[in-house]
Amino acid sequence: MTELPDYEEAVLEAVDAIPEGCVMTYGDVAEMVGAKGPRRVGRVMSEYGAATAWWRVVRAGGHPPVGLEGEALAHWRAEGTPLVGGVFGSGRVDMARARWDGTAAGERVSGV
DNA sequence: AGCTTGACCGACC
DNA sequence: TGGTCGGCCAAGC
């Protein structure tokens with residue numbers, strides 16, 4: 001079912017490869033899939049993101065896409081994603097811990 | 001062919 | 001601390 005261009009399919013796969021409790025920035029995904037601009041990833045996500053774990057993809061500051069902050073926050077809390085200020089944070093992801101390298105899937109820094 | 005917009009990023013003030 | 005500016009690449013009009 002490769003009806004989508006290479007990079008779009010790559011983006012969806014990269015997002016799907018992100019383990020629960022981890023997130024990646026648009027720029028990271030862009031570089032991971034070989035995309036040149038992070039904006040391209042955002043566009044792909046806006047179109048096909050509904051079919052993928054879009055909430056695992058956030059901006060460089062740990063902010064979710066506008067209009068979906070509540071949705072993303074709910075997903076993060078459900079998956080145990082580290083949030084700034086605890087689970088009752090201000091709707092921001094703790095990039096320091098939640099940022100996924102994309103190297104070892106399923107393996108993440110345990111504890112602190 | 002050119003301008004505007006966009007789920008962005010980084011730097012600057 | 002938070003807002004603003006410029007840059008990047010692609011799609012839409």
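Source: prediction; values computed, not measured. All values below come from the heavy atoms of this structure, side chains included, with hydrogens, waters and symmetry mates left out. Every chain is numbered from 1 and lettered A, B, ... according to where its sequence line falls, protein lines coming before strand lines.
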Gap between atoms NE2 and P, on A/His63 and B/dC9 respectively (whole Å): 11 Å
Spacing of the P atoms in B/dT4 and C/dC5 (rounded, Å): 16 Å
Closest listed nucleotide, where the reference is the side chain of A/Pro38 and the choices are B/dA7, C/dC9, B/dC8: B/dC8
Which whole-number value in Å describes the distance from A/Met24 CE to B/dC9 C1'? 15 Å
Mind calculating the distance between CD (A/Glu47) and P (B/dT5) to the nearest angstrom? 19 Å
Measure the CE-CE distance between A/Met95 and A/Met24 for me, rounded to the nearest 0.5 Å. 9.0 Å
Between A/Glu8 (CD) and C/dC9 (C1'), how many Å, whole number? 14 Å
Return the nearest nucleotide to the side chain of A/Arg43; candidates are B/dC9, B/dG6, B/dA7. B/dG6
What is the distance, to the nearest angstrom, from the OH atom on A/Tyr26 to the P atom on B/dA7? 9 Å
Nearest whole Å is fine: how far is B/dC8 C1' from A/Met32 CE? 18 Å
Atom CZ of A/Arg59 to atom C1' of B/dC9: distance rounded to whole Å? 10 Å
Report yes or no: does A/Trp100 contribute a side-chain atom to a donor-acceptor pair with the main-chain N or O of A/Gly21 at less than 3.5 Å? no
DNA chain B base-pair string [pairs: Watson-Crick or G-U under 3.5 Å; |: paired with another strand]: .|||||.||||||
CZ of A/Arg56 to CG of A/Asp16: how many Å apart, nearest 0.5 Å? 7.5 Å
From A/Met45 CE over to A/Thr52 OG1, what is the distance, rounded to the nearest 0.5 angstrom? 6.0 Å
A/Arg39 CZ to C/dG7 P: how many Å, rounded? 13 Å
If you group Ile, Leu, Val, Met, Phe, Trp and Tyr by side-chain heavy-atom gaps below 4.5 Å, do A/Val84 and A/Leu73 land in one group? no
Mark yes or no: A/Arg77 above the aromatic ring of A/Phe88, with NZ or CZ under 6.0 Å from the six-membered ring centre and no more than 45 degrees from the axis. yes
All heavy atoms of A/Pro64 vs all of A/Gly91, minimum pair found to be CD-O, 3.8 Å
